[in-house]
Amino acid sequence: VVERRQTQALKQVAVALMEDPWGRHWGYQLGKAAGLRSGVMYPLLSRLLDDGLLTDGWEDPAEISGRPPRRYYELTDAGRQELGATAHAARAEAGAAQARRGVGWGFAG
Amino acid sequence: VSEYLDLVKVLPAFLLALLIFGFAPGFILRLLLLLYPRDDARRAELLGELYAMSRVKRPMWVAEQIETALFEGPQRRVRARRARQAVEEAAKAQAAKAAEEAELAVARKEAAFLAATQAAKRAAKQELTRAAEDAKREEALDLRTPEQRAASELGAEVLAIINSDDDEGWVTIRMRADTLDGKPIETASNTGSRL
């Protein structure tokens, strides 16, 4: 088991990836969804790949024309488990922070 | 004419736009990607991303990649070089080990050959000794007469002893032997058998 530091960037990427746990994620789209700069996101994706939480692949050149194929990332089972937990914790944290500020949903009583 | 003049006025802006949104992003990104090792997947990945997004977004996105490339590229180059060196060193170590093993095998073969040669010499010597001993034993046990032994050494058969008591100690025997073409001859001889 890899002891991973729960950085803000990791949480943001985890939340973005868990929006579609079974789908393909593209670097640019993932950066936009996570709100991260490329300089932070790509090294993070590399680490997650090395740790076996993500797998990668390339678009089929037969399906595209006029541009080079893009690289995509997919969550592995381990990734869904670990990053799912990270995303869940991040969402809960964000909900609690919003509740403390008195905005958002909050809880009555 | 005024339309042409207007066109000339907007031409620099058009060229600038062409440069910023058309030529520059791809060119600059390719320069940045040179920071990565040659076979690094990030090179193809960032190029693929560039051409998948709209032209308007490209200049800013490429500017953003300066950080990515400066942060990741040299680091990956160093890592790739270290990995390559490790592979080369492992290959060298393996080659050295193989050479050492080959040398050892040759030395073992030489030692085995030497041992075999010595054993063969020893065996030949023992055989000679045994043969000499056997000859001596046979000689000791030989019940033939000296004349018969002398004839046998000449490869002949003793027919009769003519004279075994001459003054010089020679024995004259009559014997039969085969010539080279296999014909038997009978002769008397006193050569080769001094008593």
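Residue numbering restarts at 1 for every chain, and letters A, B, ... go by the order of the sequence lines. This one's a predicted model, so the numbers in the text were calculated from it and none came from an experiment.
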Starting from the C-alpha separation in whole Å, work towards a yes-or-no answer on salt bridge (charged side-chain N to carboxylate O under 4.0 Å, His left out) for B/E101 and B/R108. CA-CA 10 Å; B/E101 276 173 8; B/R108 270 197 209 117; over 6 Å; no
CA sep, side-chain torsions, deciding dist, call: B/E127, B/R130, salt bridge (charged side-chain N to carboxylate O under 4.0 Å, His left out): CA-CA 5 Å; B/E127 186 63 32; B/R130 206 167 29 245; 2.7 Å; yes
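For the set A/S38, A/G39, A/P68, A/G66, the count of heavy-atom pairs under 4.5 angstrom toward chain B peaks at A/S38.
Using a 4.5 Å cut-off between heavy atoms, A/P69 touches chain B through its backbone atoms (N, CA, C, O) alone. With a 4.5 Å cut-off on non-hydrogen atoms, B/I66 does not touch chain A at all. At a 4.5 Å heavy-atom cutoff, B/A69 makes no contact with chain A through either its backbone or its side chain. B/E49 touches chain A through backbone and side chain together, each having a heavy atom under 4.5 Å away.
A salt bridge links B/E45 with B/R42; the closest basic N to acidic carboxylate O contact falls under 4.0 Å.
For the atom pair CG of A/L75 and CZ of A/R80, the computed distance is 6.0 Å after rounding to the nearest 0.5 Å.
Atom CZ of B/F71 is surrounded by 12 or fewer heavy atoms from other residues, nucleotides or ligands within 6.0 Å.
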